[in-house]
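All chains are named by letter (A, B, ...) in the order of the sequence lines, taking the proteins before the strands, and each is independently numbered beginning at 1. Atom set for the values below is all heavy atoms of this structure, side chains included, hydrogens, waters and symmetry mates excluded.
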Amino acid sequence: MSEVRVRFAPSPTGSPHIGNMRNAVFDWLFARHSGGRFILRIEDTDRTRLVPGAVEEIMRDLRWLRLEWDEGPEVGGLCGPYFQSERVELYQSYARQLAEEGKAYYCYCSPERLAEMRKEQEARRESIGYDRRCRDLTPDEAERLKGESETGVVRFRMPLSGTTTFKDVVRGEISFDNALQDDFVILKSDGFPTYHFASVVDDHDMLISHVIRSEEWVSSTPKHIRLYEALGWEPPLFVHPPLIVGPDRTKLSKRHGAVAFSSYIEEGYLPETILNFLALLGWSAGEDRDLYSIDELIEKFTLEGIIDHPAVFDTAKLQWMNGQYIRACDPDRLVELTLPYLQRAGLMAESPSPDELRYAREVIRLMQERMAVLSDAPKLCDFFFVDQPEYDPKATDKWLSKPQAADLLNKVADSFESAPEWNIESIENAVRAAGAELGLEGGQVIHPVRVGVTGRTVGPGLFETIEVQGRERSVARLRTAARIAAREAAG
RNA sequence: GCCGCCAUAGUGCAGUGGCCUAGCACACCUCUCUUUCACGGAGGCAGCACGGGUUCGAAUCCCGUUGGCGGUACCA
């Protein structure tokens, strides 16, 4: 096989979504696996749907996932330009060539007429697409219609009989009846090519060996096959991975909630999670495993492993996987990743001091086993960063309303103040000793103390929490809590 | 409607004619660890869409049915 060259060819009409990025993952993995090239091409041929900033977002998402492209915007390459809008002359010249050779023709039908035609076809419950009115115009008729309509499009002259067959790498041979194919537009009236035409021209021009694109494209592949034939080119291999669908099993779209890829970045999924998860959405190494490093993915990724049926995007499993990677994460890196979430929540300064940073590191260490996504961090550990925690009414109700609660809390505070050392052991001793004085043990002392120092009933290990929180802060909180307890007991 | 693709537990996969009393993971449930939560550990629940073939033997091959999805634009 000659060199593997694959391309990721998004159109900048909005934010990339999970499905787009899954395809990019497959492209990249295949390129890296086979020592080939991964090319990024921007398909900006629909000028009406262009979204400003979309190209930047695509590149940002790819880079975040560490999917570096070998050719494309910002990195260049021998087959550029990599924006289709900069290649229109190329498409136009090929369209002209096809027209001159009688393999394509100019069509002057107005959008209105086309809409009318479609409506009638629908009413008659038939749909063969364009009625080919302009397919075999005499020169005179062509001249006349051209004068009437001002603008026209170029349509491909599809064979009227026979079948078009191609081999999909994932599904095997697929055949289509030519008579059912449309004389599709290759060049629009604004001079821009349609997807079908531009992608064929570019895939050939950029020496693409494998066209990897999602399943929604299989039914237009016969158009592309005929185009390659008409242009006298060898078609690439077609690979159609399955669609990624929502919980309702339909194609991912806005109505499925978080579709923008960036929303997963914001929620705090790690790149290695997303890469691992996306790789497994429509592909399998044929093993009973779920966790793969990037290197393992590259090593194991083959086209044969691509599944041939749609995959439902399961957020629950994504979360689980992210938890796995968070736990495996280097602590320093985890701090770096989590800090922005704390800062955005107003829990940390924008430019923290070394002390504050050290403190945050300790706190995050305690959170590492408890986070599923990074955005969990603020609500999990906010009490570490404020002067006084908010006391959860349910918690105070349950643990601070006992007659001895205020006493206990004050005693613990006393012994914290007088403790010669401040470490987990001394803290535990102090707490247990204070409880013993009142004839309390186990949960009877630990729960009230936890509520006293954190304001809530759940959290990391009590003694670790107190140690990290510090003596001063813990004592102050215990005193406050003791007052609340006294009030509760009295009321 | 027409064309195409697909069909293993709720979800994602493994399985390519006998090793399947169908395996793994998530979710869910139980137990365990434990000061709580989480993590970890041990169990459990739950599936080859249906009907015909082929074969000594079918989740695996063939046909049909049903169902799901995709496409059917001067969008990609």
Remember a base hit wins even if backbone is also touched, and classify [X] as base, sugar-phosphate or nothing at under 4.0 Å, heavy atoms.
X: S199(A); value: nothing
X: T48(A); value: nothing
X: V185(A); value: sugar-phosphate
X: L243(A); value: sugar-phosphate
X: R327(A); value: sugar-phosphate
X: G461(A); value: base

_R22(A) to F26(A), cation-pi by 6.0 Å centre distance and 45° axis angle_ = yes
Presence of salt bridge, [Y] and [X], under 4.0 angstrom:
X: K317(A); Y: D314(A); result: no
X: K119(A); Y: E116(A); result: no
X: R370(A); Y: D376(A); result: no

Under 3.5 Å on both distances, the Watson-Crick or G-U partner of [N]:
N: G67(B); result: C6(B)
N: U72(B); result: G1(B)
N: G40(B); result: U32(B)
N: A22(B); result: none
N: A59(B); result: none

Nucleotide [N], atom [atom2] - distance to [atom1] of [X] in whole Å:
X: L408(A); N: U35(B); atom1: CG; atom2: C1'; value: 13 Å
X: D44(A); N: C74(B); atom1: CG; atom2: C1'; value: 17 Å
X: E122(A); N: G71(B); atom1: CD; atom2: C1'; value: 15 Å
X: R171(A); N: C5(B); atom1: CZ; atom2: P; value: 9 Å
X: F463(A); N: U34(B); atom1: CZ; atom2: C1'; value: 12 Å
X: E369(A); N: U34(B); atom1: CD; atom2: P; value: 16 Å
X: I466(A); N: U36(B); atom1: CD1; atom2: P; value: 15 Å
X: E464(A); N: C37(B); atom1: CD; atom2: C1'; value: 13 Å

Using the [atom1] atom as the point on both nucleotides, what is the distance between [M] and [N], in whole Å?
N: G15(B); M: A22(B); atom1: C1'; result: 8 Å
N: C39(B); M: A49(B); atom1: C1'; result: 39 Å
N: C24(B); M: G68(B); atom1: P; result: 32 Å
N: G18(B); M: C26(B); atom1: P; result: 29 Å
N: A7(B); M: U21(B); atom1: C1'; result: 24 Å
N: A27(B); M: G10(B); atom1: C1'; result: 8 Å
N: U60(B); M: U16(B); atom1: C1'; result: 6 Å
N: U36(B); M: C31(B); atom1: P; result: 14 Å

Among [options], which nucleotide sits nearest the side chain of [X]?
X: R450(A); options: U35(B), C74(B), C26(B); answer: U35(B)
X: F176(A); options: G71(B), A76(B), C3(B); answer: C3(B)
X: Q324(A); options: C2(B), G40(B), C74(B); answer: G40(B)
X: T194(A); options: U36(B), A76(B), G4(B); answer: A76(B)
X: H447(A); options: U35(B), C5(B), C74(B); answer: U35(B)
X: E216(A); options: C2(B), A76(B), U36(B); answer: A76(B)
X: S11(A); options: C74(B), C39(B), A76(B); answer: A76(B)

*asked:* Y292(A) and side-chain hydrogen bond (donor to acceptor under 3.5 Å, both in side chains): which single residue from E272(A), E299(A), E287(A), K300(A) fits?
replied: E287(A)
Give a yes/no answer on whether the side chain of [X] brings an N or O atom under 4.0 Å of OP1 or OP2 in [N].
X: K223(A); N: G71(B); answer: no
X: R118(A); N: C74(B); answer: yes
X: K379(A); N: C37(B); answer: no
X: R155(A); N: C74(B); answer: yes

_Single hit among R7(A), H224(A), H240(A) for side-chain contact (heavy atoms from CB on, under 4.5 Å) with V211(A)_ = R7(A)
*Could you tell me whether a side-chain N or O of E464(A) sits under 3.5 Å from a main-chain N or O of I424(A), the two making a donor and an acceptor?*
no
_Using only atom types and a distance under 3.5 Å, with no angle test, would you say the side chain of N276(A) pairs donor to acceptor with the backbone of T273(A)?_
no
*Sequence neighbours excluded, which residues qualify as side-chain contact (heavy atoms from CB on, under 4.5 Å) partners of Q469(A)?*
Y359(A), F383(A), F384(A), V453(A), T454(A), T465(A), R473(A), S474(A), R477(A)
*Which sits closer to the 5' end of RNA chain B, V218(A) or G459(A), going by the nucleotide each is nearest to?*
V218(A)
*For Y195(A) and K251(A), take the nucleotide of RNA chain B holding the closest heavy atom to each; which residue's nucleotide lies nearer the 5' end?*
K251(A)
*Have a look at D183(A) and tell me which of R133(A), R155(A), R135(A), R226(A) forms a salt bridge (Lys or Arg N to Asp or Glu O under 4.0 Å) with it.*
R135(A)
*Classify the angle between the aromatic ring planes of F277(A) and F313(A) as parallel (below 30°), tilted (30 to 60°) or perpendicular (above 60°).*
perpendicular
*Produce a footprint string for nucleotides 7-13 of chain B: one letter per nucleotide, 5' end first; B if the base is under 4.0 Å from any protein heavy atom, S if only the sugar-phosphate is, - if neither.*
S---SBS
